[in-house]
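Down below is the structure, laid out as structure tokens.
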Amino acid sequence: MSDENKLIEAPSPVQELLGFRLVEWADGFARCELPVSEKLHNRHGIPHGGIYATLLDSAMGYAGSYTGSADQRVMSMTLSLNVNFLSRPKGKLLIATGRRTGGGAKTFFTEGEILDETGEKVATGTGVFRYRAG
């Protein structure tokens, strides 16, 4: 495990509920993974769009909140989230990546995508986040 990944936090309550994990975290980058299961499906038998939105929101938020130090946690909140639904997964694992694309002292901008393990791109997104004090 790289030094960056030693800083990965314990799963949050929503991560526990849905079953996804933060598996890679570095400066300006984060990766979350979620095994596809029937409990995540909508009436059409595919993952609900809210699952994609949650994965993108989490990966992109983490991407802008990395400090490199477990003692210097930075929290953020979502100001704007845009999700584009492109396809349905062919595989059994959703892989969400987020990248910080810019920002300043109080806000940051991100982009993200979700692929499955076959390389099928199922969703993309952008987000604007605000750093939280305290």
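Here the structure is a predicted model, which means the values were calculated and not measured. All values below were derived from every heavy atom in this structure, side-chain atoms included, with hydrogens, water molecules and symmetry-related copies excluded.
In this structure, A30 and A63 approach most closely via the heavy-atom pair CB-N, 3.7 Å. Considering every non-hydrogen atom in both S58 and F20, the closest pair reads OG-CZ, 3.5 Å. The two residues N42 and P47 have their closest heavy-atom pair at ND2-O, 4.0 Å. Taking every heavy atom of both residues into account, P89 and Y52 meet most closely at CD-OH, 3.2 Å. Minimum interatomic distance between M60 and E111 (heavy atoms only, all atoms of both residues): SD-C, 3.6 Å. Residues S76 and S65 share a closest heavy-atom pair of OG-OG, 3.2 Å.
From L93, atom CG reaches atom CD of E33 across 5.0 Å, with rounding to the nearest 0.5 Å. One finds the CD1 atom of I51 at 12.0 Å from the CD1 atom of I46 (value rounded to the nearest 0.5 Å). The line from CG of D57 to SG of C32 is 10.0 Å long, rounded to the nearest 0.5 Å. Between I95 atom CD1 and E113 atom CD the span is 10.0 Å, to the nearest 0.5 Å. Atoms CD and CG, on E117 and L115 in that order, are 10.5 Å from each other to the nearest 0.5 Å. Between the NE2 atom in H48 and the CG atom in L18 there is a gap of 11.5 Å [rounded to 0.5 Å].
Between the side chains of T118 and D116, at least one donor N or O lies within less than 3.5 Å of an accepting N or O.
When the side chains of ILVMFWY residues are joined at heavy-atom separations under 4.5 Å, either directly or via intervening members, F85 and L94 end up in a single hydrophobic cluster. A continuous path of Ile, Leu, Val, Met, Phe, Trp and Tyr side chains, each step under 4.5 Å between heavy atoms, connects L81 with V122, placing both in one hydrophobic cluster. Linking ILVMFWY side-chain heavy atoms closer than 4.5 Å, directly or via other members, places V14 and V36 in a single hydrophobic cluster. Hydrophobic clustering of Ile, Leu, Val, Met, Phe, Trp and Tyr side chains at less than 4.5 Å, counting indirect connections, unites I114 with L40.
Using a 4.5 Å heavy-atom cutoff, the side chains of E16 and R21 are in contact. The closest side-chain heavy-atom distance from T97 to F29 is below 4.5 Å.
The aromatic rings of F108 and F129 lie parallel to each other, with less than 30° between the two planes, well short of the 60° mark.
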